[in-house]
Amino acid sequence: MDTPVLNLAGQLRLPTNALDYTILAIYFVVVLGIGFAARRSVKTSLDFFLSGRSLPAWITGLAFISANLAATEILGMAANSAQYGAYTVHWYWIGAIPAMVFLGLVMMPFYYGSKVRSVPEMLLLRFDKWAHLLSSALFAFAAILIAGVNLYALAIVVEALLGWPQWVAIVVAGAFVLGYITLGGLSSAIYNEVLQFFVILAALIPLVVLGLKKVGGWGGLTDKLTATHGENFTTAWGGTGIGSDNPLGANWLTIVLGLGFVLSFGYWTTNFAEVQRALSAKNLSAAQRTPLIAAFPKIFIVFLVMIPGLTAAALIPGFGTADSGYQYNDAIPYLMEQLLPNGVLGIAVTGLLAAFMAGMAANVSSFNTVFTNDIWARYVVRGREDGYYVRFGRLITVIGVAASVGTAFLASSFSNIMSYLQTLFSFFNVPMFVVFIVGMFWKRASAKSGFWGLLAGTVAAMVNYFWIYKQGIVDIPSDQGANFVSAIVGFVAGAVVMVVVSLFTAPKPAAELQGLVYGTRSPGMQEPPAAGDDAWYRRPALLGWGAIVLAAACYIPFSF
């Protein structure tokens, strides 16, 4: 299935003035100020890479969701909504919340209790150095690709909206991200992500309110879309029966298994760009609550990105097609150009740039941690003093940002950038998840099975996408549908290979599996709760089940 090159419509130039640029300048000054303030707390490599494991849960929780709420998500999910309709809610209520709860309640005790500095390091403890090295290399490569997506999308958006040349946008954004991460390490990234979370909300809320007013409220919006796109366009499950036709090109089984289980659990439980925020929390309870606190705003953020996409589809006949003059990625910029006055426009542009920077910073900070600790310090230069690895971490941050610039244009073949990201997740996160889940719940999984399961899952997902789907061997209606299938194929292939390899190789001794397999505990998993952590609103189980019930309840008005 061919997709046109990502390129926003030329008529989207924003009427910005001095007030808008003043708001933008103030934001950049604050960002660097946070970097300089955080620099004073960086004394060890643990400070630089994991904030000294000292941050409270509400800070890490907001940073957790902000790291995910990149501009690729904002533009991509708005594009999803303009293209597929209300099916976008699945990426949140079934494609995020259950996995975030699972991470907090089940996996964080293993991550935090084992005192690892990264997700790949868990594979070193549970399997062997080959699984660890392969997972580290795959993650580092994926992190650079995803950071490049943010840079490329930023350049395209800023060129269309503000008239800046692409290279100027890339250099400015990359320089500021590089500046505050090299200064203050993860602490600087996290505190900036908390700021960016509120700036992003300030940018999206006016778009939603003014957009709904433009189309006559929610009732007017659904009436227009039902008339032009059919009744299934504004429902979550309409037309998703097996063999039925719907805009998403997926049925309820591939949505539940491909997105709701494999893709979402693969992303949220093993993506170090997210998990790193929880590992920086001050204790185990705070680490568990980090994704659970983030789950509550995640439930409602879907409305802030879905409604602008639906509004654009309602206002422009054939939005996203060649005849309309707009692509699906134009939804947010189009509404900004049409609806926002100066001042508010400056906040919106700042919010969009903040989102790009949050997404890029999350991937760059996780990249420098994995490359420094899991590759360089483990296999290349071992046993040096702690200060050496802090200096190397700053150096590799510079290299990571430069590499992100080089990978940026790989995203250009996707009109819907969320499709590109989901493709990367099916290749890199899903195979890692199957290795984690089998290793965590099956003691018999051998040390060698981790490497071969990870390799088989990655190769199988790529073969399904590039050969079976792209070559038309099996007809799958959309990129997103193909991603769901690739995720399932990668998961099944990885699991089968792990089982087969484990049956023919020796398991690890039981003594080495303490705290690494479900049902066993390590000393770090038994730490007593800190004072005040026993309050009802701080109990991880209560927070987790509350998020599940609330997300399920949100489906009710979209199910008919």
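Along the sequence shown, residues are numbered consecutively beginning with 1. Note that the structure is a prediction, hence the values are computed from the model and not measured.
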Exercise. Output yes when R126 and E121 qualify as a salt bridge under the 4.0 Å nitrogen-oxygen rule, no when they do not.
Key: no
Self-check item: Minimum side-chain heavy-atom gap I437-Y518 below 4.5 Å
Solution: no
Quiz item: Do side-chain atoms of N368 reach the backbone of T397 as a donor and acceptor pair under 3.5 angstrom?
Solution: no
Quiz prompt | Rounded distance (nearest 0.5 Å) linking atom CD1 of I65 with atom OG1 of T60 | solution = 12.5 Å
Quiz item: After noting the C-alpha distance and the side-chain angles of F441 and V517, does the key distance pass the side chain to side chain contact (heavy atoms under 4.5 Å, CB included) rule?
Solution: CA-CA 6 Å; F441 289 98; V517 177; over 6 Å; no
Practice problem: Answer with yes or no whether the side chains of S366 and N363 bring together a donor and an acceptor at under 3.5 Å. | Solution: no
Quiz item: Just by distance, do the side chain of K508 and the backbone of F127 share a donor-acceptor pair under 3.5 Å?
Solution: yes
Quiz item: Where the side chain of Q288 meets the backbone of G104, is there a donor-acceptor pair that is under 3.5 Å apart?
Solution: yes
Exercise. Answer yes or no: is there a side-chain heavy-atom contact under 4.5 Å between I59 and I190?
Key: yes
Quiz item: Does Y469 use its side chain to pair, donor to acceptor, with the backbone of V485 at less than 3.5 Å?
Solution: no
Quiz prompt | Any side-chain heavy-atom pair of N429 and F139 under 4.5 Å | solution = no
Exercise. For the residue pair E193 and F64, establish whether any side-chain heavy-atom pair is separated by less than 4.5 Å.
Key: no
Self-check item: Interatomic spacing from CG in L138 to CG in L133 - rounded to 0.5 Å
Solution: 9.5 Å
Quiz item: Closest heavy-atom contact between V119 and F272?
Solution: N-CD1, 3.7 Å
Quiz item: Within a strict 4.5 Å, meaning less than it, do heavy atoms of the F49 and S365 side chains meet?
Solution: no
Quiz item: After noting the C-alpha distance and the side-chain angles of V116 and L125, does the key distance pass the side chain to side chain contact (heavy atoms under 4.5 Å, CB included) rule?
Solution: CA-CA 9 Å; V116 296; L125 299 180; 3.6 Å; yes
Quiz item: Is there a donor-acceptor contact under 3.5 Å from the side chain of R444 to the main chain of S502?
Solution: yes
Quiz item: Quick one: do the R394 and T372 side chains pair a donor with an acceptor below 3.5 Å?
Solution: no
Quiz item: Just checking, any donor-acceptor pair under 3.5 angstrom between side chains of N68 and Y267?
Solution: yes
Self-check item: Result of checking F261, F102, W268 against F433 for ring-ring contact (aromatic ring centres under 6.0 Å, His included)
Solution: F261
Self-check item: Spatial distance of atom CG (L50) from atom CG (N373) [nearest 0.5 Å]
Solution: 8.0 Å
Quiz item: Any side-chain heavy atom of F436 within less than 4.5 Å of one from M107?
Solution: yes
Quiz item: Going by atom types only, do T88 and S81 share a side-chain donor-acceptor pair under 3.5 Å?
Solution: yes
Practice problem: For H90 and A236, indicate whether the former's side chain and the latter's backbone hold a donor-acceptor pair under 3.5 Å. | Solution: yes
Exercise. Quick one: do T254 and L259 satisfy side chain to side chain contact (heavy atoms under 4.5 Å, CB included)? Show the steps, please.
Key: CA-CA 7 Å; T254 55; L259 174 62; over 6 Å; no
Quiz item: Among side-chain atoms of R378 and S136, is any donor-acceptor pair under 3.5 angstrom?
Solution: no
Quiz item: Would F427 and F466 satisfy ring-ring contact (aromatic ring centres under 6.0 Å, His included), going step by step from the backbone distance to the final call?
Solution: CA-CA 11 Å; F427 292 168; F466 290 116; 5.4 Å; yes
Quiz prompt | Nearest non-hydrogen partners of M498 and G439, listed with the distance | solution = CE-N, 4.4 Å
Practice problem: Identify the two heavy atoms, one from A273 and one from A67, that lie closest to each other, and give their separation to 0.1 Å. | Solution: O-CB, 4.3 Å
Quiz item: How close do S446 and S449 get, heavy atom to heavy atom, and via which atoms?
Solution: O-OG, 2.7 Å
Quiz prompt | W91 and Y84: side chain donor to acceptor below 3.5 Å | solution = no
Quiz item: Does atom CH2 of W252 have more than 12 heavy-atom neighbours from other groups under 6.0 Å away?
Solution: no
Quiz item: Got a second to check how far M100's CE is from I299's CD1, nearest 0.5 Å?
Solution: 8.5 Å
Quiz item: Can a cation-pi geometry be assigned to R53 and Y112, taking NZ or CZ under 6.0 Å from the six-membered ring centre and within 45° of the ring axis?
Solution: yes
Quiz prompt | Contact check, side chains of V381 and Y388, non-hydrogen atoms, under 4.5 Å | solution = yes
Practice problem: Go through the side-chain N and O atoms of Q276 and S118 and say whether any donor and acceptor fall under 3.5 Å apart. | Solution: no
Quiz prompt | Test item: side-chain donor near acceptor, N464 and S486, under 3.5 Å | solution = yes
Self-check item: Over all atoms of both residues, closest heavy-atom pair of A86 and M306
Solution: CA-SD, 3.8 Å
Quiz item: Are the side chains of W93 and Y555 in touch, meaning some heavy atoms are under 4.5 Å apart?
Solution: yes
Quiz item: Checking S51 side chain against S54 main chain: does a donor-acceptor pair fall under 3.5 Å?
Solution: no
Quiz item: Once the angle between the rings of F371 and F367 is folded into 0 to 90°, is it parallel (under 30°), tilted (30 to 60°) or perpendicular (over 60°)?
Solution: tilted
Exercise. Working to the nearest 0.5 Å, report the span between OG1 of T458 and CE of M432.
Key: 8.0 Å
Quiz item: Going through the checks in order, is the side chain to side chain contact (heavy atoms under 4.5 Å, CB included) test met by L550 and I97?
Solution: CA-CA 10 Å; L550 184 57; I97 303 304; over 6 Å; no
Quiz item: What are the two closest non-hydrogen atoms of A460 and V489, and how far apart are they?
Solution: O-CG1, 3.8 Å
Quiz prompt | W130 CH2: over 12 foreign heavy atoms closer than 6.0 Å | solution = no
Quiz item: Rounded to the nearest 0.5 Å, what separation is found between the CG atom of L103 and the CG atom of L292?
Solution: 8.0 Å
